[in-house]
Amino acid sequence: MITESADIQKILRQKFPQIAESGLQQEIIEVGKVMHFKPWEIIMDFDSYVKMIPLIVSGSIKVSREDDLDGREILLYFLGEGETCSLSFTCCMMNKKSIIRTQAMEETTIIGIPIKYMDLWMSKYQSWKNFVMQTYESKMMDLVKSLDSIAFESMDTRLVKYLQARVDNTGSTLIQATHQEIANDLNASREAVSRLLKKLENAGEVELGRNQIKLLK
DNA sequence: ACATTAAGTGATT
DNA sequence: AATCACTTAATGT
């Protein structure tokens, strides 16, 4: 458990070197709330009002979108250590309801920043502005790539990229998920995922187990 | 031992 | 590539 302000300071230096400006760092320590989430716990759901900007300290978060018609869900991108939820920015600036769902993929710790500081810090601290802009750009790229992937790529490359993204995000080559869950993320059928994974296993790229996949390459 | 859930497979569209 | 129908394997009670 991380609660001491000295700990927060240490975390900021380690995980968020971009926003190490001393005054800013002090303010984050004062107003930031450290929060923990368990695997699968939903941090923010559709239609809820965004009131905190999360700085992700450890763990990883899945950002997804739900289809209005049949309630199917599609993965947009993952967020990892040292990042923040870029869509939160626009959402809370406009005071709009969330159009996305964010869900912890594993034990995840964040520092929550109340929205009122967002605006203030943008003009007050150069490093904050840069941090916001830089993560915004980075996630926008992920989003575009994800769109390209859905539109132009076949299931097998989409699956490989998905596995790679999860590994990159968690820093672990072991992915804990059922084929069904992966299929939901990719909006594919479970059978298709199972078959493609089997192919990857035969090609020596992964090792399959119940509820888990190990990436070998 | 039995029930439940995950994964593998062939056939059909 | 989706769906169906069914089998096999792993796991929980």
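A, B, ... follow the sequence lines: proteins, then strands. Residue 1 opens every chain. The model shown is predicted, which means the values in this text are computed figures rather than measured ones.
Each of C:dA1, B:dT9, B:dG8 was ranked by its minimum atom distance to the side chain of A:Met155; first place goes to C:dA1. Candidate nucleotides B:dA6, C:dA5, C:dA2 were compared by shortest atom distance to the side chain of A:Ala192, and C:dA2 ranks first.
One atom, CG of A:Leu208, and another, P of B:dA6, lie 16 Å apart when rounded to the nearest Å. Per the geometry, CD belonging to A:Gln176 stands 17 Å off P belonging to C:dA10, to the nearest Å. The distance from atom CG of A:Asn211 to atom P of B:dG8 is 11 Å, rounded to the nearest whole Å. Rounded to an integer number of Å, the gap from A:Glu191 CD to B:dT13 C1' is 14 Å. Atom CD in A:Gln180 sits about 15 Å away from atom C1' in B:dT4, given to the nearest Å. Note: CD1 (A:Ile213) to P (B:dA6) measures 13 Å, nearest angstrom. One interatomic measurement links the two molecules: CG of A:Leu159 to P of C:dA2, which rounds to 12 Å at whole-angstrom precision. For the pair A:Gln212 CD and B:dA7 C1', the computed distance is 14 Å after rounding to whole Å.
Toward the 5′ end of DNA chain B lies the nearest nucleotide of A:Glu181, the other residue of the pair A:Arg195 and A:Glu181 mapping further downstream.
In this structure, A:His179 reaches the B:dG8 phosphate: one of its side-chain N or O atoms is under 4.0 Å from OP1 or OP2.
In summary, A:Glu107 and A:Lys38 do not engage in a salt bridge, as defined by a charged side-chain N under 4.0 Å from a carboxylate O.
In this structure, A:Thr178 reaches the sugar-phosphate backbone alone: every heavy-atom distance under 4.0 Å involves primed, P, OP1 or OP2 atoms, never a base.
Put simply, the residue from A:Lys62, A:Glu83, A:Lys139 that forms a side chain to side chain contact (heavy atoms under 4.5 Å, CB included) with A:Phe78 is A:Lys62. Of the residues A:Asn211, A:Ile213, A:Asn184, the one that meets the side chain to side chain contact (heavy atoms under 4.5 Å, CB included) test with A:Thr178 is A:Asn211.
Atom CG of A:Leu200 sits about 6.0 Å away from atom CG of A:Leu159, to the nearest 0.5 Å.
At a cut-off of 3.5 angstrom, the base of B:dT5 holds at least one donor-acceptor pair with the side chain of A:Arg210.
Ring-plane geometry between A:Tyr125 and A:Trp121 is classed as perpendicular, the angle between the planes exceeding 60 degrees on a 0 to 90 degree scale with a lower cut at 30.
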